[in-house]
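Below is one structure, written out as structure tokens, with a few remarks after it.
Each chain gets a letter, A, B and so on, in the order its sequence line appears, and its residues count up from 1.
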There are 2 protein chains.
Amino acid sequence: MAVDRDHVLRSAAALLTRKATATMDEVAKAAGISRATLHRQFAGRDALVRALESLGIAECVAALDAADLDNGSASDAVRRLVRAIEPAAGLLAFLYTENQLYEGEEINPGWTAIDDRIAALFRRGQLGGEFRIDLTPAWLTEALFGLMASGAWMVQSGKGAPRDFHHMIVGLLLGGALRREES
Amino acid sequence: MAVDRDHVLRSAAALLTRKATATMDEVAKAAGISRATLHRQFAGRDALVRALESLGIAECVAALDAADLDNGSASDAVRRLVRAIEPAAGLLAFLYTENQLYEGEEINPGWTAIDDRIAALFRRGQLGGEFRIDLTPAWLTEALFGLMASGAWMVQSGKGAPRDFHHMIVGLLLGGALRREES
DNA sequence: CGCACGTGAGACAGCGATGTCTCATTCAGG
DNA sequence: CCTGAATGAGACATCGCTGTCTCACGTGCG
């Protein structure tokens, strides 16, 4: 009766997103297993967080692949990307604030690869005259993650509806708050 | 030789923003005082975080007052607000992720008051036809905090210049990534 | 000078979380 | 039925942080 490792990771992600300081015991209970079994799967808390990081990276890469960023307008590519990455938003929101990963200056190269792909999308939009050029691709990438984290927290706290998540992120990221005459 | 309480708080904010799990000993060393003195000033870690929260609220309120949100266009009011709140961005970024404050469901009423004032600004911009109405004031408020946190982290990590902070936040929040024909 | 106050340094116990262990139980497969 | 693998439950030692204490030192002040 092998433990469903993926289920454990997702339960941990859901719990840690709400309470980043949850103990191993709480994580185990949330996954419906004992602390002993949790330790058999993940050598320690650090290993668990690393596994969550790997899961988050994998989901990001999968979303990037699925979004097909090189085709069509950059705006549509952003919309597809947010749509594809939405299920992982909670996990990413947790990882986004877990700067402990960032501490040991041994950043997982997966993140930089993801950042590069998203930044390349924004750069493509800029070169095509679609996006403004006074905001750097690096900032737009960072802002995308920040907005997704904000959106995820807003949904989790009940202050926003899950169905509005995509429009909130994309609407603000692409269009901003100012009203447009045309559009 | 009374300890400079404000200096201790700002040192703690700067450290905790980078490393949210810093120990009391690290906080004390960062402030240049001993752990004993730190404990004399703040009864415990919880009291320290609460003091930081009060400081953050106070700085937000001061910024809101200084920004004079009710005068002029809503866009200009947002610009003034971000300008005024910028010095406290690092502290706010820390508090924004310290959802432990949010845990005990005893949210400091100061935050809701601040949220209300900022949301009222966005609502004023919507009623005046300046801001789009398909994004709720609550979301715009949340996004403002999220973008400020992202911007603060970007500056702290060296990936962005402090001089660009204001333009990054305001430019994206108001205008979005899409290029405009006019303007 | 002498006193009082605040500080730094260190010792100390307490606590919670961690990581490892053992043992009984359960379940699948031979 | 028997066996083995995996799990749950709990005991256990350990570690790091916390909170409190004591004591010595230095500085400002009367």
Side-chain angles (χ1 to χ4, degrees), chain A residues 1-56 91 94-95 97-106 108, chain B residues 1-56 91 94-95 97-106 108:
Chain A
M1 194 187 286
V3 161
D4 186 347
R5 183 186 170 98
D6 190 73
H7 169 253
V8 174
L9 279 176
R10 302 202 176 271
S11 301
L15 173 61
L16 290 173
T17 302
R18 294 194 307 273
K19 185 180 177 183
T21 60
T23 67
M24 294 292 277
D25 196 55
E26 290 173 304
V27 172
K29 278 186 172 51
I33 63 176
S34 70
R35 196 166 64 94
T37 302
L38 180 60
H39 264 282
R40 290 187 188 105
Q41 290 289 326
F42 306 97
R45 185 189 187 75
D46 191 65
L48 175 64
V49 175
R50 294 290 169 181
L52 284 172
E53 184 184 27
S54 296
L55 177 63
L91 172 58
F94 162 68
L95 295 173
T97 60
E98 193 73 357
N99 42 23
Q100 183 179 5
L101 300 172
Y102 197 88
E103 269 298 315
E105 81 178 43
E106 37 185 69
N108 191 316
Chain B
M1 195 187 283
V3 160
D4 186 346
R5 183 185 170 98
D6 189 73
H7 170 254
V8 173
L9 279 176
R10 304 207 174 267
S11 301
L15 173 61
L16 290 174
T17 302
R18 294 194 307 272
K19 185 180 178 182
T21 62
T23 66
M24 293 292 277
D25 196 55
E26 292 173 302
V27 172
K29 278 185 170 54
I33 62 176
S34 71
R35 195 167 65 94
T37 303
L38 180 61
H39 265 282
R40 291 186 187 106
Q41 290 289 323
F42 305 98
R45 185 190 186 76
D46 190 66
L48 174 63
V49 175
R50 294 291 168 179
L52 285 172
E53 185 184 27
S54 296
L55 177 63
L91 172 59
F94 161 68
L95 295 173
T97 60
E98 193 72 0
N99 42 21
Q100 184 179 8
L101 299 173
Y102 197 88
E103 271 297 313
E105 80 179 41
E106 36 184 73
N108 191 316

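Distance CZ (B:Phe42) to C1' (D:dT20): 18 Å, rounded to an integer number of Å. Between the CG atom of A:Leu48 and the C1' atom of C:dT18 there is a distance of 13 Å, rounded to whole Å. Between the P atom of C:dA11 and the CG atom of B:Asp25 lies a distance of 14 Å, rounded to the nearest Å. Note: CG (A:Asp46) to C1' (D:dG16) measures 16 Å, nearest angstrom. At whole-Å resolution of the value, CG in B:Asp4 and P in C:dT7 are 11 Å apart. Between the CG atom of B:Leu38 and the P atom of D:dC17 there is a distance of 15 Å, given to the nearest Å. Between A:Arg45 atom CZ and C:dA17 atom C1' there is a gap of 9 Å when expressed in whole angstrom units.
Within the structure, every side-chain polar atom (N or O) of B:Ser34 is placed at least 4.0 Å from both OP1 and OP2 of C:dA9. Distances shorter than 4.0 Å separate none of the side-chain N or O atoms of A:Arg35 from OP1 or OP2 on D:dA9.
For a distance-only test at 3.5 Å, the side chain of A:Arg40 qualifies as a donor-acceptor partner of the base of D:dG8.
If you find the closest nucleotide of DNA chain C to A:Met24 and to A:Ala36, the one lying nearer the 5' end belongs to A:Met24. Judged by closest nucleotide on DNA chain C, B:Ile33 is the one of B:Ile33 and A:Ala43 placed further toward the 5' end.
When each of C:dT20, D:dT7, D:dG19 is scored by its nearest atom to the side-chain atoms of A:His39, the top-ranked nucleotide is C:dT20.
Nearest heavy atoms, A:Val49 versus A:Glu98: CG1-CG, 4.2 Å. Shown here for A:Ala43 and A:His39, the closest heavy-atom pair between the two residues is O-ND1, 3.5 Å.
The pair B:Glu53-B:Arg50 meets the salt-bridge criterion, since a charged nitrogen lies less than 4.0 angstrom from a carboxylate oxygen.
By the 4.5 Å heavy-atom criterion applied to side chains, B:Met24 and B:Leu38 are counted as neighbours.
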